2 protein chains.
Amino acid sequence: MATIKDIASAAGVSLATVSRVINNGPKVGDATRERVKKIMDEMGYRPNANARALVTQRNPAIGVVIAELHDPFFASLAHGIETLCRTRNIQILMSAGSTSPETEMRAIETLMEHRCEAMVVHSKFLDDDTLVHFANQVPGFVLINRYIEAIGNRCVWLDNQAGGKLMAEHILHHGHEDIAVISSRYQILDPVQRLDGIKLALSEAGKSLPDSHIEFATPDQEGGEAAVQNLLSRGVKFSAILAYNDAMAAGALSMLLDHNIAVPDKVSLIGYDDVLLAKYCRPKLTTLRYPIEMMATHAAKLALDCAKGEFPEPGTTFKYTPTIVKRDSVSRVK
Amino acid sequence: MATIKDIASAAGVSLATVSRVINNGPKVGDATRERVKKIMDEMGYRPNANARALVTQRNPAIGVVIAELHDPFFASLAHGIETLCRTRNIQILMSAGSTSPETEMRAIETLMEHRCEAMVVHSKFLDDDTLVHFANQVPGFVLINRYIEAIGNRCVWLDNQAGGKLMAEHILHHGHEDIAVISSRYQILDPVQRLDGIKLALSEAGKSLPDSHIEFATPDQEGGEAAVQNLLSRGVKFSAILAYNDAMAAGALSMLLDHNIAVPDKVSLIGYDDVLLAKYCRPKLTTLRYPIEMMATHAAKLALDCAKGEFPEPGTTFKYTPTIVKRDSVSRVK
DNA sequence: TTGTAAGCGTTATCAC
DNA sequence: GTGATAACGCTTACAA
């Protein structure tokens, strides 16, 4: 593959001149510029990005750490970043993600080895200290979907608790008294916060949530099915279900319909996330909008800015609040 | 950030020795090895991937070109690659993809600039010659979802026509006579081939497909809705719909239900791709399984092999054939 | 406007 | 076993 040197000698100029042409450098004669360009074309020259990154000490690509691309939620996240990068013509270096603290660690380290200045990281398993440690080494290190106070101005996150509160309030407004919750069995922060929000709303309304009305399962369709199955076989009485996410809600929906329990006539149901499938379900799911794509775009922009040294004021916070999307799975209690 | 040089002087050894330690090189004393390792740890040393790629003239990362990550189909594709890379601890360099020939071109070029030896490319817009040209420069260049004879042993693709034939045959078996087709308005190869397959099956059964029974729309839910809308308002009579993909099928389903046309009682419906949402629809979609994830894993493996110089024999072909997934959206005509 | 030359962090080829 | 040293392809002062 042709190098800058080959071009230089073919064009009868020096390396420096060619380099200037490549980078649209200022001081180079029009004639020379054209000639060099022509020769680069003819020889199919392509600058070596690695050499460039080495000498400039900077890698213009943005690094991304996420798990499970086939999960629609992460796909949206990735897409949000991609959207921004496309407009700015920036590469994405994706480090397949997070199934354990070790893999997450490995993923971030790889990005650092490539000297990525900007990184958007979705980490569920690493602890705050480790993350802060990385952030201290890389100015453009941005966390998505998680808030750590020490680097609060480089976190883009969702107020999970507010969402939980919102869904409970919505269901209370519709006159429901007997509320069941199906949550995620993975005790990472999100489910805990969502559940807290629900409990908060309930207690503000002078009610409480008995443990018997909470089921924990895997946060997917199967989990939703299993959770409802359990609720039913334990004979729990409920007129509404608050699900941890849309996938669980969809599973719950299947199971309810299979038992001839009409939704929303007999039981109301609320999801969380507003992924595509919420719209495809029948009835369409009432759910909470988690603007992950927008948040991801925001995070990418933030990472790029920080990498350039433009930090938001300390104390600035990028908290997003979910909103309720009213569709067809909730009705007033009869 | 600490370099190999810093480590060397801190440990009182030469660059060469440190390099040997990093790469588990053979000839280095145990004591030295441990000492150097310890110092690397203390100083938080990370090898510079760019320098490495430069001097070794190889980039161990695999390059990926795809469009639209939030499309579940591409998400599965990406996931298939990711799965393989995770086990082999290989980085993914993702070049956001294909919205036009120019962006596709740009995406591939970027990967080449990083000197990726292995690449998995999903290209809809570039012509055969261009792609072959790239393939000739990069041994590890593999095409997914497309077949070009000249580089046939580096293509992993689906027999779209066979799928089209299959879906038509399935619907004929169920006694349907009045068949409508909703296809993609983008005249890339896939929809044409799928449609060809359908026509083939029909003509083998002594039937034909009038143009009035075909609708072209965008290959998403909205497109599916619009297509059915059009069919209905044009008064076309049909007892079955063959959709270009699951998203269109889901849109069609919505629209049919909104018009109180029961599926599958009044109208049967078949999708294509078997993405997640086919399972979430009510009724669950009968569709064609497009094993894209498996194919993607295969393509990644192939790319890595080719990059190492291990080519499959010329003439070898990696054609996948879709299979029918029978769910609940098709019934025998009454 | 153009050229020279130093150096980015590694690996690899020699010597010792 | 270990150490000099020359690349790798490029950018960027500094000279001319």
Side-chain angles (χ1 to χ4, degrees), chain A residues 1-40 43-61 91 109-117 137-138, chain B residues 1-37 39-40 43-61 91 109-117 137:
Chain A
M1 171 134 283
T3 74
I4 205 174
K5 209 184 239 167
D6 302 327
I7 306 295
S9 58
V13 295
S14 75
L15 300 185
T17 303
V18 179
S19 176
R20 285 183 193 110
V21 173
I22 294 170
N23 299 288
N24 286 312
K27 295 164 171 295
V28 44
D30 282 353
T32 330
R33 167 163 279 137
E34 285 319 308
R35 187 156 44 93
V36 172
K37 272 193 171 162
K38 184 150 160 284
I39 295 193
M40 291 198 310
M43 304 185 63
Y45 170 75
R46 286 183 216 297
N48 183 320
N50 300 307
R52 227 179 209 174
L54 177 58
V55 67
T56 58
Q57 297 282 53
R58 47 192 9 271
N59 188 335
Q91 280 327 105
E109 279 174 344
T110 307
L111 259 22
M112 295 190 63
E113 289 172 6
H114 283 268
R115 300 299 186 266
C116 281
E117 318 164 82
Q137 294 178 62
V138 183
Chain B
M1 170 135 282
T3 73
I4 206 174
K5 211 184 241 166
D6 301 327
I7 306 296
S9 58
V13 295
S14 73
L15 300 185
T17 303
V18 179
S19 178
R20 284 182 193 109
V21 172
I22 294 170
N23 300 288
N24 286 312
K27 294 165 171 295
V28 43
D30 282 353
T32 329
R33 166 162 282 138
E34 285 319 308
R35 187 156 43 93
V36 171
K37 274 192 170 163
I39 295 192
M40 292 199 308
M43 304 185 64
Y45 170 76
R46 288 183 215 297
N48 183 320
N50 301 306
R52 228 179 212 175
L54 176 59
V55 67
T56 58
Q57 298 282 54
R58 50 197 357 277
N59 189 334
Q91 280 325 107
E109 279 173 344
T110 308
L111 259 23
M112 295 190 62
E113 288 172 6
H114 282 269
R115 299 301 186 265
C116 280
E117 318 164 82
Q137 294 178 62

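These numbers were taken from a predicted model, which means no experiment stands behind them.
Residue B:N50 is classed as having no contact, given no heavy-atom separation below 4.0 Å to the nucleic acid. When heavy atoms are screened at a 4.0 angstrom cut-off, B:R58 is found touching no nucleic acid atom at all.
Along DNA chain D, the nucleotide closest to A:M1 and the one closest to B:K27 are compared, and the more 5′ of them pairs with B:K27. Along DNA chain D, the nucleotide closest to B:V28 and the one closest to A:R52 are compared, and the more 5′ of them pairs with B:V28.
The CG atom of B:L54 sits 12 Å away from the P atom of C:dA12 (whole-angstrom rounding). Whole-Å rounding puts the B:N23 CG to C:dT11 P distance at 4 Å. In this entry the distance linking CD1 of A:I4 with P of C:dA5 reads 17 Å, nearest Å. In this structure, CG of B:N24 is placed 12 Å from P of C:dT11, rounded to the nearest angstrom. Atoms CD1 (B:I7) and C1' (C:dT10) sit 13 Å apart, rounded to a whole Å. Look at CG on B:L15: it is 10 Å from C1' on C:dT11, rounded to the nearest Å. Rounded to an integer number of Å, the gap from B:N48 CG to C:dT11 P is 10 Å.
When the options B:V36, B:V18, B:D6, B:I22 are evaluated for a side chain to side chain contact (heavy atoms under 4.5 Å, CB included) with B:Y45, the one that passes is B:I22.
Looking only at side-chain heavy atoms (C-beta outward), A:R33 and A:R20 stay at 4.5 Å or farther from each other. Looking only at side-chain heavy atoms (C-beta outward), A:V21 and A:V28 come within less than 4.5 Å of each other. Between A:E113 and B:Q91 the shortest side-chain heavy-atom distance does not fall below 4.5 Å. Residues B:T56 and B:R115 are not in side-chain contact: their nearest non-hydrogen atoms beyond the backbone lie 4.5 Å or more apart.
A:M43 and A:A10 get closest at one heavy-atom pair: SD-CB, 4.0 Å. Closest heavy-atom contact between B:M1 and B:G44: CE-O, 4.3 Å. Heavy-atom minimum distance, A:A61 versus A:C116: O-SG, 4.0 Å.
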Contacts under 3.5 Å, N or O only, protein and nucleotides 13-16 of chain C:
none

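Of the possible donor and acceptor atoms, none in the side chain of A:S19 sits under 3.5 Å from a partner among the backbone N and O of A:L15. A:R35 places a side-chain N or O within 3.5 Å of a backbone atom of A:A11 that can act as its donor or acceptor partner. The backbone N or O of B:H114 lies less than 3.5 Å from a partner atom in the side chain of B:N59, making a donor-acceptor pair.
Regarding contacts with the backbone of C:dG3, a side-chain N or O of A:S14 is found under 4.0 angstrom from either OP1 or OP2. Between B:S19 and C:dA12 there is no side-chain N or O to OP1 or OP2 distance below 4.0 Å.
Distances were taken from every side-chain heavy atom of B:V55 (C-beta onward) to each of C:dT2, C:dT10, C:dC8; the shortest belongs to C:dT10.
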Verdict with reasoning, A:N48 to A:T3, per side-chain contact (heavy atoms from CB on, under 4.5 Å): CA-CA 8 Å; A:N48 183 320; A:T3 74; over 6 Å; no
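Defining each end axis of the helix from C:dT1-D:dA16 to C:dC16-D:dG1 as the rotation carrying four pairs' C1' atoms onto the next four, with five pairs an end, the two axes are found to diverge by 40° to 10 degrees.
Between chain B and DNA chain D, the heavy-atom contact criterion of under 4.0 Å yields a 5' to 3' nucleotide range of D:dG1 to D:dG9.
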